[in-house]
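First the structure, in the form of structure tokens, and then the observations on it.
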Amino acid sequence: MSETLVINEIYLSLQGESTFAGLPCIFIRLTACDLRCSYCDTAYAFTEGKKKLLAEILAEVKKLAAPFFNSKLKAQSSKLPLVELTGGEPLLQKIPCR
């Protein structure tokens, strides 16, 4: 069985919270949530998503992160790029045990 996650979207934006606020961040928005928090701003992620292999997710993250690395593939800053799993409830994702 392949390792997959159900992903709503993967995108590059600015972190808006924590001590990392204002820094570029790659967001991996998961699908499925049963919490229904009153402050949720991504209700569309409750059900909309596509199953992706972990290798596909990593490839997309690397593509979005490419501008933050110099030609020698060394990060220009140890804080860049940030990657955050967001949206959806991660515990609802079915990941096979090894």
Going only through I, L, V, M, F, W and Y residues with side-chain contacts under 4.5 Å, is there a path from Leu54 to Ile10? yes

Leu30 and Ala45 have their tightest heavy-atom pair at O-CB, 3.8 Å

Side-chain (Glu84) to main-chain (Thr86) donor-acceptor, under 3.5 angstrom: no

Sort and list the pairs that fulfil salt bridge (Lys or Arg N to Asp or Glu O under 4.0 Å) and have at least one residue in residues 26-39, not counting sequence neighbours. Glu9-Arg29

Does Ile7 belong to the same Ile/Leu/Val/Met/Phe/Trp/Tyr cluster as Leu12, with side-chain heavy atoms less than 4.5 Å apart forming each link? yes

dist Glu3:CD -> Gln93:CD (nearest 0.5 Å) comes out at 12.5 Å

Are Val83 and Leu85 connected in the hydrophobic side-chain network, where two residues link if heavy atoms are under 4.5 Å apart? yes

Using the side-chain contact (heavy atoms from CB on, under 4.5 Å) rule, take Val61 and Ile28 through it: C-alpha gap first, then chi angles, then the decisive distance, then the call. CA-CA 8 Å; Val61 167; Ile28 302 172; 3.8 Å; yes

At what distance, to the nearest 0.5 angstrom, does CD of Glu48 lie from OG1 of Thr42? 11.0 Å

Can you tell me how far the CG atom of Leu64 sits from the OG atom of Ser13, to the nearest 0.5 Å? 11.5 Å

Provide the full list of ring-ring contact (aromatic ring centres under 6.0 Å, His included) pairs with a residue in residues 32-52, sequence neighbours left out, each pair given once. none

Which pairs with one or both residues in residues 56-69 pass side chain to side chain donor-acceptor pair (under 3.5 Å), sequence neighbours excluded? Lys52-Glu60

Test side-chain contact (heavy atoms from CB on, under 4.5 Å) on Leu82 and Phe68 and set out the steps. CA-CA 10 Å; Leu82 301 172; Phe68 298 96; over 6 Å; no

Using a 3.5 Å distance criterion without hydrogens, assess whether the side chain of Thr31 forms a donor-acceptor pair with backbone atoms of Asn8. yes

To the nearest 0.5 Å, tell me how far Leu53 CG sits from Ile57 CD1. 8.0 Å

